[in-house]
K.L.:
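Have a look at this one before I ask anything.
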Number of protein chains: 2
Amino acid sequence: MATMTADQRREEARAQFDAYLASCPSRKLLDRISDKWVALVLKSLADGPKRYSDISRQLAGVSQKMLTQTLRNLERDGLLTRTVTPSVPVRVDYELTPLGASLGAVMGRLKTWAEEHMAEVERNRAAYDARAGATR
Amino acid sequence: MATMTADQRREEARAQFDAYLASCPSRKLLDRISDKWVALVLKSLADGPKRYSDISRQLAGVSQKMLTQTLRNLERDGLLTRTVTPSVPVRVDYELTPLGASLGAVMGRLKTWAEEHMAEVERNRAAYDARAGATR
DNA sequence: CTGTATCCGTATAGATACTG
DNA sequence: CAGTATCTATACGGATACAG
């Protein structure tokens, strides 16, 4: 094997790590669920199918663009189904698949942890900032 | 109460929803853990304390800037501790707090779901793309 | 009603160079 | 060894206008 500079070795290690990350299931999952509206859509659909406008009304902060984009991505991944009723005006219903529902259950675990511990995190953060502010 | 246009009502609903989101523990948690390197750092420290350079070597893809930033944020939130040993050269050790370890455990659930189901998600995605491609 | 198309401002990650 | 400071490119969310 030819000799390599430290820079070359570093670069190779980085490339390998990036490849590892790209194939890592956990990483892919995190990329998917950390989209800003995914968790909220999953939660909105957790208690049954809903129409586009219903979801839109429930998640008052979401733009049409982002809602459509989020729904499309979730449909693409098989986490929900999209059913078009060609009436006038058209009606589109979204419903979680079993796969989507099971992901929703896991997200529920996160929610539980958040409700139990985020207040402590907030306190830690405030204390840290107070210390940093005091020494400045 | 004064009358409001539909636009005004919409805007108010959006403002309220944004406020709700800002105070939602789950949202805050998701914002924190979806930082690109948080999960990896938690995992790296799961099996015991490590030095800065050790983490850096293990996560070959991370830049110094992002690693430092991630570690600082986690320290700020009380999820890990930072211990400086003023030798020459300096030595800095990072270690999960119990809070950080408990978050790591929850992340483990996500990992399990990912390992069990992400392959199916990938297949769904590929099938969806194949359909979309065929009709184009 | 349920979208699509386009533009724009900002936030973020990363590269690079420098320091105690 | 363990950072800090600065710059840049890109991606992303959001606003707006339009359409089937």
Side-chain angles (χ1 to χ4, degrees), chain A residues 6-7 10-11 13-15 17-18 21-22 27 30-41 49-76 80-94 132 136, chain B residues 6-7 10-11 13-15 17-18 21-22 27 30-41 44 49-76 80-95 132 136:
Chain A
D7 274 4
R10 198 116 34 98
E11 199 178 339
R14 191 165 305 191
F17 191 81
D18 289 348
L21 271 194
R27 181 77 253 145
L30 275 172
D31 284 345
R32 169 71 42 238
I33 66 175
S34 63
D35 282 0
K36 188 167 179 183
W37 301 103
V38 165
L40 292 162
V41 168
K50 280 200 179 65
R51 296 182 60 171
Y52 180 90
S53 50
D54 291 332
I55 305 172
S56 176
R57 214 169 302 114
Q58 195 171 351
L59 310 185
V62 70
S63 64
Q64 281 188 328
K65 176 188 169 183
M66 293 319 297
L67 180 54
T68 300
Q69 194 177 102
T70 302
L71 289 168
R72 280 292 186 288
N73 282 330
L74 293 175
E75 183 198 4
R76 181 171 175 246
L80 54 77
T81 58
R82 176 172 179 268
T83 309
V84 181
T85 306
S87 53
V88 180
V90 273
R91 170 195 177 114
V92 181
D93 285 270
Y94 292 92
R136 209 180 297 137
Chain B
D7 273 4
R10 197 115 34 97
E11 199 178 338
R14 192 165 305 191
F17 190 81
D18 288 347
L21 271 195
R27 180 77 253 148
L30 275 172
D31 283 346
R32 169 76 36 241
I33 67 174
S34 63
D35 282 0
K36 187 166 180 183
W37 301 103
V38 166
L40 292 162
V41 168
S44 173
K50 281 201 177 65
R51 299 182 58 171
Y52 180 92
S53 50
D54 291 332
I55 305 173
S56 176
R57 215 169 301 114
Q58 195 172 351
L59 309 184
V62 70
S63 65
Q64 280 189 327
K65 176 188 169 182
M66 293 319 296
L67 181 54
T68 299
Q69 194 176 104
T70 302
L71 289 167
R72 280 293 186 288
N73 282 330
L74 292 175
E75 182 198 4
R76 181 170 176 246
L80 55 77
T81 57
R82 176 172 179 270
T83 311
V84 181
T85 307
S87 52
V88 179
V90 272
R91 170 195 178 113
V92 181
D93 286 88
Y94 292 92
E95 181 171 13
R136 212 181 296 138

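Atom set for the values below is all heavy atoms of this structure, side chains included, hydrogens, waters and symmetry mates excluded.
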K.L.:
The side chain of R51(A) is closest to which nucleotide in this list: dT2(C), dG13(D), dA2(D)?
P.N.:
dT2(C)
K.L.:
D93(A) has an atom CG; how far is it from atom C1' of dT2(C), in whole Å?
P.N.:
12 Å
K.L.:
Between Y52(A) and R14(A), just flag the one whose closest nucleotide in DNA chain C comes earlier from the 5' side.
P.N.:
Y52(A)
K.L.:
In whole angstrom, what separates K50(A)'s NZ from dC1(C)'s P?
P.N.:
17 Å
K.L.:
dT2(C) phosphate, OP1 or OP2: any side-chain N/O from S53(A) under 4.0 angstrom?
P.N.:
yes
K.L.:
Classify the side-chain pair Q58(B)/S44(B) by whether it contains a donor and acceptor separated by less than 3.5 Å.
P.N.:
yes
K.L.:
In whole Å, I'd like the distance from the CG atom of L71(B) to the P atom of dA13(C).
P.N.:
14 Å
K.L.:
Nearest to the side chain of W37(A), which nucleotide is it out of dG3(C), dG14(C), dG14(D)?
P.N.:
dG14(D)
K.L.:
Does R57(B) put a side-chain nitrogen or oxygen below 4.0 Å from OP1 or OP2 of dA2(D)?
P.N.:
no
K.L.:
Of T70(B), L40(B), L71(B), which meets side chain to side chain contact (heavy atoms under 4.5 Å, CB included) against I55(B)?
P.N.:
L71(B)
K.L.:
Between Q64(A) and dT4(C), is there a side-chain N or O to OP1/OP2 distance below 4.0 Å?
P.N.:
no
K.L.:
Taking the minimum atom-to-atom distance to the side chain of R82(B), which one of dG3(C), dG13(D), dA2(D) wins?
P.N.:
dA2(D)
K.L.:
Determine, for R27(B) against D31(B), whether the closest basic-nitrogen to carboxylate-oxygen distance falls under 4.0 angstrom.
P.N.:
yes
K.L.:
Return the nearest nucleotide to the side chain of V90(A); candidates are dT2(C), dG14(D), dA2(D).
P.N.:
dT2(C)
K.L.:
Could you tell me how far apart L67(A) (CG) and dG13(D) (C1') are, to the nearest whole angstrom?
P.N.:
14 Å
K.L.:
Under 4.0 Å between a side-chain nitrogen and a carboxylate oxygen: does that hold for R51(B) and D54(B)?
P.N.:
no
K.L.:
Using the ring of each side chain (for Trp, its six-membered ring), is Y52(A) parallel, tilted or perpendicular to Y94(A), with breaks at 30° and 60°?
P.N.:
tilted
K.L.:
When you get a sec, tell me which of dT2(C), dA13(C), dG14(D) is the closest nucleotide to the side chain of K36(B)?
P.N.:
dA13(C)
K.L.:
Rounding to a whole Å, what distance do you find between E75(A):CD and dT2(C):P?
P.N.:
15 Å
K.L.:
Starting at NZ of K65(A) and ending at P of dC7(C), how long is that distance when rounded to a whole Å?
P.N.:
12 Å
K.L.:
Would you tell me if any nitrogen or oxygen in the side chain of Y94(A) comes within less than 4.0 Å of OP1 or OP2 on dG3(C)?
P.N.:
yes
K.L.:
Send over the distance from N73(B) CG to dG3(D) P, rounded to a whole Å.
P.N.:
14 Å
K.L.:
According to a strict under-4.0 Å criterion, is R72(B) in side-chain N/O contact with OP1 or OP2 of dG3(D)?
P.N.:
yes
K.L.:
Between atom CD in Q69(B) and atom C1' in dA5(D), what is the gap in whole Å?
P.N.:
13 Å
